[in-house]
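Below: one structure, written as structure tokens.
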Amino acid sequence: MDIRRIVGMARRGAVDVQAEDILEGLNAEQRKAVETSEGPLLVLAGAGSGKTRVLTHRIAYLVGVCGIPTDGILAVTFTNKAAGEMRERVQKLLGPTSEELWVATFHSTCVRILRRDIGHLGYSRGFVIYDQADGLGVIKDALKRHGLDPKATDPRRIQWRIDEWKNAGIGPGQAAAAATDIDTERAAEIYLTYQRLLVDANALDFNDLLVKTSELFERFPEVLAHYRRRWQYVMVDEYQDTNHVQYKLVQQIAGEHRNLCVVGDPDQSIYAWRGADIRNILDFENDYPDVQTVKLERNYRSTQPILEGASAVVAQNVDRKSKQLYTDREGGDLIEIFEAEDDREEVRYVVRRILAEVRGGDRSGGDVAIFYRTNAQSRVFEEEFLKYDVPYVIVGGVRFYDRAEVKDALAYLRVLLNPVDTVSLKRIINKPARGIGKTTIDRADDSAIANGTTLLDALRVVAAGGSGGRSAPKVAAFLEMMDELRHDIDGRRPADAIAHALDRTGYLRVLEAEGTPEAEARVENLKELIAAADDFDRANAEIEQDERSELELFLDQVALVSDLDSYDRREDCVSLMTVHSAKGLEFPIVFVVGMEEGVFPHSASMRDESGIEEERRLCYVAMTRAMEKLTLTCAAERFRFGSRTYGVPSRFLKEIPSHLVASARPRRASAAPARGTTDSNLDYSYGQAEAGESPELAPGLAVRHPIFGRGSILAVLGAGPGQKLRIRFERAGVKTLVVRFANLELG
């Protein structure tokens with residue numbers, strides 16, 4: 001037996017978990033992955049193949065059978081929700097012995113490391129974590145220091161460039177040395193200033209959490225040695241989504257003992273735009289020649305037609321590892337492809353299909369999802385749902401913690417804990433309005449830049465009467481209030497601290513006095529923030545806090561929440577989301593809309609083959625979210641960028657074998673016979689009336705509209721595709737409608 005196992009068993013005491021209990025219910029491939037405990041292991045997990053089950057049972061096997069201490073295992077994944085699910089499953093298998101298990105996201109893991117050891121890099125352990133919006137504010141400050149106007153030099157593009165460098169592990173000096181043109185040189189200079197401003201604010205952006213941890217390990221081998229001794233077994237979920245810095249972190253921690261298990265699927269690598277490198281998983285067998293590879297190909301989610309169709313699409317890619325998904329579920333509906341004349345026809349078809357499923361059977365809205373390539377595509381579906389009073393939820397919209405009033409409340413707390421947090425200080429100095437105008441803040445900011453001091457120091461000069469004018473007393477009152485608050489919240493629980501800050505600053509009273517529906521919604525959000533802090537208090541009441549206050553820990557948790565962490569499926573609501581947001585989810589009924597060239601695949605990804613391959617993987621992810629029914633839609637005309645555009649069906653539709661497809665077309669008198677499915681026969685002819693088929697449209701003719709109800713034609717305007725009707729409806733009054741888009745019925 002391995003000496004680590006003996007030591008582990010001695011530390012844990014008697015092991016009372018039987019191998020049979022842990023391995024029960026696993027298929028042969030899953031069982032092999034769980035039982036392979038030593039050395040490098042690559043688990044190629046197809047969509048819906050039970051990878052979370054493998055990870056949790058492998059942890060339980062290491063602890064319960066091999067005797068590895070729970071604090072000797074590190075398991076990392078990409079969302080807090082996934083980490084929480086893994087922890088809960090392990091606890092069900094092992095019970096209280098799993099309490100010390102470290103299952104977290106990469107960023108959460110790095111935060112905990114840095115809170116302990118970042119002092120080696122010259123930072124305070126009380127550093128603040130900046131999100132994208134905060135970082136953008138710092139970039140605007142950096143532009144200002146370089147004499148550049150943020151309106152002329154796009155700060156978002158600079159931020160994107162800096163993110164790209166950080167994901168690749170490239171620092172400001174390296175970026176400057178590699179610059180090949182003036183724009184890149186300027187961006188590298190701003191990058192350097194941006195980093196200096198972060199240091200001055202004792203702040204790290206989201207990427208720095210990874211970069212600084214890797215730097216810490218590289219510069220201080222004794223720190224790395226500590227974590228190598230602690231984590232003798234490392235597991236990484238969604239390995240295909242790791243970027244260069246994450247790859248390096250894994251190598252640093254696991255490179256010595258090599259007990260590294262990575263789980264992932266190259267066919268689901270869809271985040272190259274944020275730095276993910278598919279080569280990390282494709283080249284794993286080169287990095288570890290003695291690796292054992294296990295393929296999980298049995299799918300527990302989808303029907304065979306859906307699996308075959310999705311597999312046929314992704315099989316067109318070159319950069320992948322072959323596998324063949326299968327399921328024991330017999331039969332299943334064919335994949336439907338609907339070809340609409342325009343995006344409005346597409347929307348009407350999808351919404352009516354959903355209504356038929358929800359109102360005509362045993363389905364609920366929560367069983368249904370609509371996936372699109374870009375967020376802008378949601379608007380027309382939202383409008384149609386509102387017409388029919390269909391409840392829906394947008395996944396990946398504005399996060400709760402990104403709402404203005406919530407960010408304001410959190411900004412107060414951040415300044416109280418870290419007074420040099422310039423971004424947060426600027427945010428709340430005049431919220432609620434207290435007569436400290438932009439001119440006063442700008443002058444103080446300019447003074448801080450000129451004198452090399454912090455904004456807080458400059459504001460204290462203003463308050464003392466230096467160049468503040470009539471604003472000086474107001475600035476002095478604000479600073480006095482903040483000093484008192486800093487004393488008042490010391491030692492308070494997070495919920496109490498937030499409530500006290502909102503009361504003492506007058507923020508809540510101003511909103512309550514406003515009395516508008518918008519203000520009432522904001523007050524409700526602030527109450528929800530207090531409730532969230534209270535939940536955190538209770539959940540962490542008995543956890544040792546590592547010398548940090550509960551308030552600091554709460555702010556860390558808030559900073560690390562992602563869009564999907566806050567997504568909670570509601571039984572009555574249809575889910576609308578981008579395909580990227582759909583990763584990791586599943587629904588009985590799925591509609592993938594906008595399947596045209598330039599939309600999906602997206603035009604920005606069509607410049608090279610690697611871009612097309614990522615779009616194809618994205619299509620594979622979308623299709624494999626469906627459990628029972630999958631419908632793919634496209635439109636001949638689409639309103640985009642302020643004008644009508646004309647498209648052709650996505651190449652991905654043509655890659656689905658025709659025997660797996662049912663072509664869906666509306667049944668009405670003007671419809672032409674259905675033709676073709678997934679080859680060159682894809683067409684838009686179904687909705688075009690044959691000559692002589694349409695009834696004569698004339699004033700006085702009775703018609704019915706699906707939304708406005710019964711009406712009578714008052715006038716016929718024009719002819720051909722642009723022909724319009726002026727109609728008086730019994731309920732909705734007079735409307736002018738384009739005939740081809742109105743979907744009218746006679747009578």
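Note: hydrogens, waters and symmetry copies are ignored here, and every other heavy atom, side chains too, is used.
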Using a 4.5 Å cut-off on heavy atoms from C-beta on, say whether the side chain of Leu296 contacts that of Arg53. no
SB check Arg344 Glu383 (cutoff 4.0 Å): yes
Is Asn299 reaching over with its side chain to a backbone N or O of Ala47, donor-acceptor style, under 3.5 angstrom? yes
Considering the options Lys323, Lys295, Lys321, Lys583, which one meets the salt bridge (Lys or Arg N to Asp or Glu O under 4.0 Å) requirement together with Asp265? Lys323
Between Arg616 and Asn317, is there a side-chain donor-acceptor contact under 3.5 Å, judged purely by atom types and distance? yes
Ile370 and side-chain contact (heavy atoms from CB on, under 4.5 Å): which single residue from Phe587, Phe381, Tyr392 fits? Phe381
Do Arg320 and Arg617 have side chains that get closer than 4.5 Å, going by heavy atoms? no
Tell me yes or no: between the side chains of Glu308 and Ser311, is some donor less than 3.5 Å from an acceptor? no
Can you tell me how the ring of Tyr349 sits relative to the ring of Phe338, calling it parallel under 30°, perpendicular over 60° and tilted otherwise? parallel
Parallel, tilted or perpendicular: ring planes of Phe206 versus His107, cut at 30 and 60 degrees: parallel
If every non-hydrogen atom of Cys619 is compared with every non-hydrogen atom of Met595, which pair is closest and at what distance? SG-CE, 4.0 Å
Polar side chain donor-acceptor pair, Asp283 to Tyr247, under 3.5 angstrom: no
Less than 4.5 Å apart, any side-chain heavy atom of Met86 and any of Met235? no
Just wondering, do Val648 and Tyr646 contact through their side chains at under 4.5 Å, heavy atoms? no
Is the closest side-chain donor-acceptor distance between Glu285 and Thr293 under 3.5 Å? yes
Using modelled atom types only, decide if a donor and an acceptor are shared between the side chain of Gln232 and the backbone of Asn259 within a distance under 3.5 Å. no
